[in-house]
Structures are given as C-alpha cells and as structure tokens.
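Only heavy atoms go into these numbers, but all of them, side chains included; no hydrogens, no water, no symmetry mates. Here the structure is a predicted model, which means the values were calculated and not measured. Every number for a ligand or one of its atoms is a count from 1 in the order of the listing.
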Amino acid sequence: MIASIQTNSKKYKIDLTKPIDISIPLRGSHTNVSAWYVEPPKMEPVKDEDGFSARVSEGAAFNFNNISFNPHAHGTHTECVGYLTRDFNSVNDSLKQFFFLAEVITVAVEKCEDDFVISKKQIQFALGNKKRKAVIIRTIPNTLEKLNKDYAHSNPPYLMEDAAIYLREKGVEHLLVDLPSLDKEKDGGELLAHHAFWNTKGSVRKQATITELIYVQNFIQDGTYFLNLQIAPFENDATPSKPMLYEVITS
Ligand SMILES: N[C@@H](CC(=O)c1ccccc1NC=O)C(=O)O
C-alpha cells in the first residue's frame, strides 16, 4: 500500500504496510520502564464484594481490567505545554495533525561535569540545514535496557537549553527523545529545555509537543522518515502515545 506525499514542494513515497514502531509497550508489571519514583503500572481485573474476579481464567465470561499508571513515568508519552502551565492545556487539543516529515538522528551524549548532555552543536551537526516538522533523537548507548529501566535517581542524560532553543528556532514542532525527560532529573523545577522548546516566556507554542521514553531500535538508520504520531485521547497534559515511522522509498 504505497502512499505518495507532497510536502515542502517535494514528493515522497512511503509504504503504509511497513510501519516501524518506536513506542515502548506499557505493561502492568515491575518490569515496565519507570521514572519519577512512582509504583509500577497496575492492570487488574475488577473484583466484586463476593471475591468474583473479571478474568476468563478465573471463571468469568470476559476479561475486564482496571488500569492505573502515570503517563509521564510509565512509557512512551506525548505532552503539550499544559505540563508546565497553571491553566489547563490538553495534549488532545494541541495535537491535531498526525503525519510529519521527520528526521531520526543519533547522538552520543557528552559528559558535562557530573552529567551527560545533548548539546546544540551535536543537534546542529546532525540536522544540518534540513527542515523538519519532527525530530527523533536516539541516544547512544542504545541498549534494550531502555525498555524496562527504572530511571529514578539515575540522573539520565538531558538536552541543553540552547539545543532546545535551536530546535524551536528551526521550526521543529514535535520533538521525540528516548529519555525520561528533556531536562535534568533534579533541576529544582527549572525544566529549561521544556520551557525553551514551548517558548513559555514568549509566544507560547501550544501546538508543539514533546514525546519522551521512545525506543528507536538499532536496525533503524538515521535519516528522513514520515512520522505518524498517534496518541490516546486523554484530556490531560500528557498521554500515552504510539509514534510510528515510515521509511521514504527512494527508488
Ligand atoms: N526536574 C524536576 C523534576 C521533574 O521533572 C519531576 C519530578 C517528579 C515527578 C515528575 C517529574 N517530571 C515528570 O515528567 C525538578 O527537579 O523539579
């Protein structure tokens, strides 16, 4: 199923039967990826007072689970500026288009005092003069640990503020990273890269989104793709999401 797409006055072709999933599955188990000091997600059958459990393997006619989780902490999620604002802003209102010309870039995080960071220079080098609505950052090392790590108190790598400003000024509207946050785990609430990307101190970019805790498998090469950014329709600042890539057909 080949689709022809015209954007930036260029024509591209993609094969809709070959999506590449860059989301992390969310499980009700302690093996689920985790951050921000919360308990693992729960997926449990509804029970009644008589001890009846809505699970087919326990005699019920159907499976009927309650689920509790935190979108920021438990897997691939997409957030809007509502993450930082006093007023309510829903990502379900912010994100109204779902296909974007995207660039996958790989960055080896740099040591900066006690931290590991992604610098403006690295992003600049990787993107060159490419104009993209979405940028997907894969950090290396890129091990399978990213699928089930508990990031609490691990001081994960983060994006420098000037790198976020650079992406904003380049017109990137959707930024995806394989880290639990754009910002330093313990930064006293500064969240510099988030604020810079959404331009909260200027003309706020309400349509811009940040997606965290993706996983870009090693077989996926750096380069140009179409991104299909799908979210669950929660009216909340953040929601679980399923970003999918489509390779551009070159021949
Ligand atoms: N870097 C922030 C902490 C932070 O981002 C955070 C802390 C607890 C629970 C969730 C957090 N962020 C979630 O996306 C700070 O140090 O204030």
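When side chains are defined from C-beta on, Ile123 counts as touching Ile105, because their heavy atoms get closer than 4.5 Å. Here the side chains of Leu182 and Leu175 are in contact, with some heavy-atom distance below 4.5 Å.
Put simply, the side chain of Asn32 gets close to the backbone of His74: a donor and an acceptor are under 3.5 Å apart.
A salt bridge links Asp15 with Lys18: the distance from a Lys NZ or Arg NE/NH1/NH2 to an Asp or Glu carboxylate oxygen falls below 4.0 Å. Between Arg138 and Asp222 a salt bridge is recorded (basic side-chain N to carboxylate O distance below 4.0 Å).
Atoms of ligand 1 found under 4.0 Å from any heavy atom of His72 (numbered from 1 in listed order, with element): 14 (O). Close contacts between ligand 1 and Gly189 involve ligand atoms 15 (C), 16 (O), 17 (O) [criterion: under 4.0 Å to a heavy atom]. With ligand atoms numbered from 1 in the order given, ligand 1 contributes 1 (N) to contacts under 4.0 Å with heavy atoms of Lys184. Using a 4.0 Å cut-off to heavy atoms of Glu185, the atoms of ligand 1 that qualify are 1 (N), 2 (C), 3 (C), 15 (C), 16 (O). Heavy-atom contacts of Lys186 reach the following atoms of ligand 1: 16 (O) (cutoff under 4.0 Å).
The protein non-hydrogen atom at the shortest distance from atom 12 (N) of ligand 1 is Tyr83 OH, 2.8 Å. Counting protein heavy atoms only, atom 9 (C) of ligand 1 is closest to Trp36 CB, 3.6 Å. What sits closest to atom 15 (C) of ligand 1 on the protein, heavy atoms only, is Asp187 OD1, 2.9 Å.
Residues Ser23 and Asp21 have side chains that bring a donor and an acceptor to within less than 3.5 angstrom of each other. No hydrogens or angles considered: nothing links the side chains of Glu185 and His153 as a donor-acceptor pair under 3.5 Å.
In terms of polar-atom proximity, Leu191 is not counted as a contact of ligand 1, lacking any N or O under 3.5 Å from an N or O of the ligand. Considering both main-chain and side-chain atoms, Tyr37 never comes within under 3.5 Å of ligand 1 through any nitrogen or oxygen pair.
Partner of Leu191 under the side-chain contact (heavy atoms from CB on, under 4.5 Å) criterion, chosen from Trp198, Phe197, Tyr158, Tyr83: Tyr83.
Judged by the shortest distance from any of its heavy atoms, Gly188 lies inside the 4.0 Å radius around the atoms of ligand 1.
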